[in-house]
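Both ligands and their constituent atoms are indexed starting at 1 by order of listing. We use all heavy atoms of the structure for the numbers below, so side chains are in, but hydrogens, waters and symmetry mates are not. Keep in mind that what you see is a predicted model, and the values were worked out from it rather than measured. Residue numbers start at 1 and run along the sequence shown.
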Amino acid sequence: MPDQSKWWQSGVIYQVYPRSFQDSDGDGIGDLLGILARLDYLAELGIDAIWISPIYPSPMADFGYDVADYQGIHPSFGTLDDFDRLVAAAHARSIRIVLDFVPNHSSNQHPWFTESRSGRDAPRRDWYVWRDAAADGGPPNNWISEFGGSAWSWDEATGQYYYHAYLPEQPDLNWRNPQIAAAMLDALRFWFERGVDGFRVDAIHHLFEDESLQDNPPNPEWLPTMSPARSLIRTRTMDQPEVHDAIMAMRRVADSFPGDRVMIGEAYLPITRLMAYYGVDLGGFQLPFNFHLMSTAWNAQAVSTLVETYEAALPAGGWPNWVLGNHDRSRVASRLGPAQARIAAMLLLTLRGTPTLYQGDEIGMTDVPIAPERVRDPWEKRVPGLGLGRDPVRTPMQWDEGTHAGFSSAEPWLPLPPSFEGFTVSSQLRQPDSMLQLYRKLLRLRRAEPTLSVGGYRAVSADENVLVFERFHQQRKLRIALNFDDHAKTLPDADATGHILLSSYLDTPSATSSVELRPSEGVITELD
Ligand code: GLC
Ligand code: MG
């Protein structure tokens with residue numbers, strides 16, 4: 001471990017989904033001044049950086065992931081002045097700001113696309129991916145959009161198809177055209193100059209498609225209950241070799257600014273393929289998001305194997321990271337239940353590697369059922385009933401017991417759950433053993449203990465139910481023991497003695513380590 005760790009190594013990232021964090025102007029949609037008003041909450045929580053999902057001008061076909069101007073702010077989020085104020089106020093509290101960068105596609109309302117579709121000879125025609133129809137007049141090949149349906153849409157006026165990995169309203173940018181790369185890198189510079197500390201780069205594994213346009217092969221494991229996009233194995237549309245040069249170009253821009261700017265990549269890939277996203281000589285992403293905790297079976301053995309596999313796969317000098325939830329995936333408290341969500345919190349904040357938390361998980365928010373007439377997510381609208389919709393995890397932050405949970409004075413854009421007693425920030429601040437208190441204690445401990453933030457990791461033991469590992473730094477050793485079961489368990493290494501620093505039960509720790517773990521208990525012990 002380097003002696004001088006970077007903030008993005010020792011720190012903790014918190015994802016803000018801005019539409020649902022805090023509304024300041026009474027339109028039922030969260031905004032930048034809302035985030036600003038909650039900075040003290042975030043500072044007291046103990047996080048180091050916020051990553052804010054897209055705030056750029058957008059028709060909101062995919063709620064901001066369809067960008068119509070890479071260098072502006074959508075009016076419902078505020079203004080560039082508001083943004084500058086937010087950056088200054090966050091920095092004054094030592095909170096870094098990470099923005100979302102969406103390079104794979106723009107909105108179909110972006111002026112670039114308007115121009116591109118204006119004619120086959122338009123100067124910017126080649127900024128997007130246009131192809132002739134197949135012989136039968138249909139799309140050029142079998143590629144399927146992530147949100148269902150063909151990934152090709154027909155443009156009547158110019159008689160060609162354009163490619164979109166996501167919605168027809170999200171045409172893919174053509175990164176084989178150097179002008180696109182240049183224009184997009186300029187957008188990064190624009191925000192870095194405004195003081196942004198880094199970017200989370202959206203859907204990076206989709207940046208290039210196979211130029212020969214060959215079909216994707218069928219996936220024999222696909223079932224009709226699964227996302228239509230999974231019916232093909234996306235060998236021709238994902239993780240193409242050209243992506244790495246594009247990432248390194250983004251990283252060079254980040255490195256050309258003073259301070260430690262960070263580039264974080266969103267790529268849902270198996271561990272072996274993910275490692276290439278650190279880049280040759282680590283010139284790629286400092287943090288290629290590791291999403292595997294969200295998909296691995298929840299038992300001590302499987303999690304232990306995951307950690308070992310990931311640690312062993314890391315390239316020399318590559319820094320690990322872990323993600324427990326985001327705006328696209330079912331909430332951790334719904335996936336695991338409230339008791340195991342506490343174990344997950346302790347795991348996330350004691351593993352080696354930068355943790356990313358998703359807003360609301362720190363109070364144990366669960367997926368909110370959405371009535372059909374309130375559905376907003378285009379994925380759910382296009383492929384209804386399979387549980388693919390992401391609205392349930394994007395509902396407003398539950399701040400207090402007041403009107404609309406303190407989120408807004410107006411009806412929020414997505415509903416609050418019918419009842420959420422005990423699941424608000426204010427109630428959990430009053431309750432000494434709440435999830436929020438657990439998060440605050442874990443974050444405080446991680447900040448105080450280099451052993452946790454930057455120390456080494458050593459597996460001790462794992463059976464079906466109990467995971468034990470150690471973190472070490474200089475002479476100091478901490479042992480973390482997590483009970484994945486709802487029955488009490490005896491620790492295998494009963495002879496390791498020490499002082500309990502924290503139990504996930506948040507009751508008074510006994511002076512010396514106990515050999516018993518209570519049901520779904522996690523314990524951090526300082527070893528003698
Ligand atoms: C990423 C985002 C997701 C979005 C998609 C298309 O996966 O996290 O919310 O819909 O990219 O931009
Ligand atoms: Mg608002």
Show your working on salt bridge (Lys or Arg N to Asp or Glu O under 4.0 Å) between Asp62 and Arg376 and close with a plain yes or no.
CA-CA 9 Å; Asp62 190 22; Arg376 304 294 301 269; over 6 Å; no
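- Comparing Asp100, Asp202, Val201, Leu167 by heavy-atom distance to atom 11 (O) of ligand 1, the nearest is Asp202.
- Close approach of ligand 1 to His105 (heavy-atom distance below 4.0 Å) involves ligand atoms 6 (C), 12 (O).
- Within the structure, side chain to side chain donor-acceptor pair (under 3.5 Å) pairs that include any residue of residues 359-372 comprise Tyr14-Glu362, Tyr41-Glu362, Ser330-Asp367, Arg331-Asp361 (at least two apart or interchain).
- Counting only heavy atoms of the protein, atom 4 (C) of ligand 1 lies nearest to Asp62 OD2, 3.3 Å.
- Salt-bridge annotation for Asp186 and Arg189: present, with a side-chain N of the basic residue lying under 4.0 Å from a carboxylate O of the acidic one.
- Interatomic distance, Arg352 CZ to Glu311 CD, rounded to the nearest 0.5 Å: 4.0 Å.
- When hydrogens are left out, the protein atom nearest atom 5 (C) of ligand 1 is Tyr166 CE2, 3.8 Å; that is the closest non-hydrogen contact.
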May I have the list of side-chain donor-acceptor pairs in residues 43-50 shorter than 3.5 Å, sequence neighbours left out?
residue : atom : partner : partner atom : Å
Asp48   : OD1  : Arg447  : NH1          : 3.2
Asp48   : OD1  : Arg447  : NH2          : 3.4
Asp48   : OD2  : Val12   : N            : 2.8

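- Using a 4.0 Å cut-off to heavy atoms of Arg200, the atoms of ligand 1 that qualify are 2 (C), 8 (O).
- Judged as a side-chain hydrogen bond (donor to acceptor under 3.5 Å, both in side chains), and not counting sequence neighbours, the contacts of Ser20 are Trp413.
- Shown are the protein N/O/S atoms under 2.8 Å from the Mg ion (ligand 2), given by residue and atom: Asp23 OD1, Asp25 OD1, Asp27 OD1, Ile29 O, Asp31 OD2.
- Proximity to Asp328 (heavy-atom distance under 4.0 Å) selects the following atoms of ligand 1: 2 (C), 3 (C), 7 (O), 8 (O), 9 (O).
- A salt bridge does not link Glu380 to Arg374: none of the charged nitrogens lies less than 4.0 Å from a carboxylate oxygen.
- Near Phe147, meaning under 4.0 Å from one of its heavy atoms, ligand 1 places the atoms 10 (O).
- Of all atoms in ligand 1, numbered sequentially from 1 with element shown, those under 4.0 Å from a heavy atom of Arg394 are 9 (O).
- For ligand 1, the atoms lying closer than 4.0 Å to a non-hydrogen atom of Arg390 are 3 (C), 4 (C), 9 (O), 10 (O).
- Aromatic ring centroids of Trp143 and Tyr161 lie 6.0 Å or more apart.
- Annotation: Phe199 is not in aromatic contact with Trp191 [ring centroid separation under 6.0 Å not met].
- Checked against the 6.0 Å centroid threshold, Tyr166 and Tyr65 do not count as a close aromatic pair.
- At the shortest separation from atom 7 (O) of ligand 1 among protein heavy atoms lies Glu266 OE2, 2.9 Å.
- With respect to the salt-bridge test (charged N to carboxylate O, under 4.0 angstrom), the residues Asp202 and Arg200 qualify.
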